Amino acid sequence: MARRKKPRLMLAVETSCDETSAAVLDQGKILSNIILSQDEIHSPYGGVVPELASRQHIKSIDYVVRESLTQAGADLGDIDLYAVTQGPGLIGSLLVGLTFVKGLAYYFRKPIIGVNHLEAHIEACFVENEGIEFPVLALLVSGGHTSLYFLEKPLSYRLLGKTRDDAAGECLDKVAKFLQLGYPGGPVIEKLARGGDSRRFHFSLPRMKTAGYDFSFSGLKTAALKTIRENNLTAEHPRLGDFLASFEETVVRALLENVHKALQEFRPASLILCGGVARNSRLRSAFSELASGYALPAFVPSPRLCTDNAGMVGALGWKKYLADPSSGTDLDLDAFPR
Ligand code: AMP
Ligand code: MG
């Protein structure tokens with residue numbers, strides 16, 4: 001009897017928020033990684049509109065998956081297993097990717113690996129750096145999440161703290177929306193803050209009443225909106241660059257304060273910064289500076305892998321599969337929004 005071929009080709013799908021993405025991987029190595037952003041659709045609203053996001057995923061998913069296969073030179077029939085983001089994310093958006101992949105897995109009788117979106121963001125760092133030493137302290141900063149994780153060993157994620165209210169990306173997006181600068185706010189703020197004097201406006205750092213590693217950004221957002229009103233700041237104001245530089249600097253300091261604190265307690269061997277906001281150059285350089293102050297290596301994914309993408313989902317899916325090859329035959333796999 002012919003021996004069954006060992007699985008190696010994987011199709012991964014990510015639709016947790018407003019990027020439709022599909023990737024093909026060969027034994028965990030990314031062959032193609034297509035990312036279709038919905039920024040233009042949500043831009044007029046200054047934030048992601050969940051119903052529009054899920055409808056757009058439905059329109060795009062077929063094309064995005066097809067394109068990922070074409071770029072990888074693969075056919076659907078070649079795919080040995082699937083990985084898909086299960087959550088957290090917008091429920092309607094998650095269900096589009098999950099249902100699509102379930103249909104394929106059912107038809108071709110192949111396993112599916114469910115992947116946690118936040119763990120996948122951390123995995124993006126391992127995609128480009130094989131020798132990251134454990135234990136790892138990982139700061140994840142995205143549009144919907146701001147979390148600090150400790151990884152004692154591969155695939156073990158201990159959540160040390162998360163935001164109590166707004167995520168850092170959300171805080172940037174809301175301030176940009178208030179100033180009518182466009183969506184997503186983070187990149188616009190970064191561009192307009194360049195060359196601005198970050199000491200011109202003063203913001204106090206968010207203070208949590210309880211000990212631990214949680215974050216809070218709603219107080220900072222309120223303070224920023226108050227400063228905008230009091231100084232009549234607009235998109236054309238000559239001091240806008242100074243204001244945005246001061247605000248961006250405070251967001252970065254608030255994020256890194258918890259990393260400083262956790263470094264004392266957890267003594268990791270490596271540091272990771274990931275998520276959409278990790279594209280920000282002020283944050284990237286402050287993070288690297290902090291790490292070199294502790295003589296620790298710091299890893300940040302390249303900007304494309306910071307964004308929501310199926311490549312990171314597949315990379316983690318593959319590791320999960322190797323760790324437990326019997327996993328992944330569950331067609332009852334559910335989405336979890338939180
Ligand atoms: P994600 O949720 O991981 O897709 O990340 C999206 C978030 O990242 C949004 O809040 C964006 O405003 C933010 N973002 C993207 N690029 C940058 C940047 N260059 N600087 C700051 N924030 C950014
Ligand atoms: Mg994300």
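Both counts, for ligands and for their atoms, begin at 1 and track the order of listing. These figures come from a predicted structure and were not determined experimentally.
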Query raised in the report: So, does Pro187 sit close enough to ligand 1 that a heavy atom of it is under 4.0 Å from the ligand?
Result: yes
Query raised in the report: Any donor and acceptor pair, going by atom type alone, linking the side chain of Ser54 with main-chain N or O of Pro50 inside 3.5 Å?
Result: yes
**Report entry** His145 contact mode with ligand 1 (heavy-atom cut-off under 4.0 Å)
**Finding:** neither
Query raised in the report: Is the side chain of Asp242 donor-acceptor paired with the backbone N or O of Arg200 at a distance under 3.5 Å, no angle test?
Result: no
Query raised in the report: Would you say the side-chain atoms of Asp214 pair up with the backbone N or O of Lys162, donor to acceptor, closer than 3.5 Å?
Result: yes
Query - Contacting atoms of ligand 1, where contact means under 4.0 angstrom from a heavy atom of Gly169 - result: 10 (O)
Query raised in the report: Can Arg199 and Ser246 be counted as having a side-chain donor-acceptor contact under 3.5 angstrom?
Result: no
Query raised in the report: Do any N or O atoms from the side chain of Arg158 and from the backbone of Phe150 form a donor-acceptor pair under 3.5 angstrom?
Result: no
Query - Between Tyr157 and Phe134, ring centroids under 6.0 Å - result: no
Requested in this report: Indicate yes or no: does an N/O atom of Gly275 lie under 3.5 Å from an N/O atom of ligand 1?
Outcome: no
Query raised in the report: Got a salt bridge between Glu123 and Lys319, using NZ or NE/NH1/NH2 to carboxylate O under 4.0 Å?
Result: yes
Query raised in the report: Does ligand 1 have an atom under 4.0 Å from some heavy atom of Glu248?
Result: no
Query raised in the report: For Gly186, is at least one N or O under 3.5 Å away from an N or O on ligand 1?
Result: yes
Requested in this report: Evaluate the criterion side chain to side chain donor-acceptor pair (under 3.5 Å) for residue pair His57 and Asp18; output intermediate values, then yes/no.
Outcome: CA-CA 8 Å; His57 284 307; Asp18 63 340; over 6 Å; no
Requested in this report: Report yes if Thr307 has an N/O atom closer than 3.5 Å to an N/O atom of ligand 1; otherwise report no.
Outcome: no
Requested in this report: Tell me, with the steps shown, if Glu51 and Arg55 meet salt bridge (charged side-chain N to carboxylate O under 4.0 Å, His left out).
Outcome: CA-CA 6 Å; Glu51 182 61 22; Arg55 287 183 196 196; 3.0 Å; yes
Requested in this report: May I ask which of Asp173, Asp39, Ile35 has a heavy atom nearer to atom 11 (C) of ligand 1 than the others do?
Outcome: Asp173
**Report entry** Those atoms of ligand 1 less than 4.0 Å from some heavy atom in His121
**Finding:** 3 (O)
Report task. Check each atom of ligand 1 against the heavy atoms of Pro184 and keep those under 4.0 Å away; list them by number with element. Result -> 11 (C), 12 (O)
Report task. Going by heavy-atom distance to atom 3 (O) of ligand 1, choose the closest among Ala124, Pro303, Gly276. Result -> Gly276
Query raised in the report: With a cut-off of 4.0 Å, which atoms of ligand 1 are near a heavy atom of Asp308?
Result: 1 (P), 3 (O), 4 (O)
Requested in this report: Supply the atom-to-atom distance Glu19 CD to Ser60 OG, rounded to the nearest 0.5 angstrom.
Outcome: 11.0 Å
Query raised in the report: What atoms in ligand 1 come closer than 4.0 Å to a heavy atom of Gly143?
Result: 1 (P), 2 (O), 5 (O), 6 (C), 7 (C), 10 (O)
Query raised in the report: Is there a donor-acceptor pair closer than 3.5 Å between any side-chain N or O of Ser16 and the backbone N or O of Leu94?
Result: no
Requested in this report: Answer side chain, backbone, both or neither: which part of Leu172 comes under 4.0 Å from ligand 1, heavy atoms only.
Outcome: side chain
Query - Residue selection (non-hydrogen contact nearest atom 20 (N) of ligand 1) among Val252, Val251, Leu283, Asn280 - result: Asn280
Requested in this report: Using a 4.0 Å heavy-atom threshold (strictly under), name the region of Val277 that reaches ligand 1: side chain, backbone, both or neither.
Outcome: both
Query raised in the report: Polar-atom distance check: Glu190 versus ligand 1, any N or O pair below 3.5 Å?
Result: yes
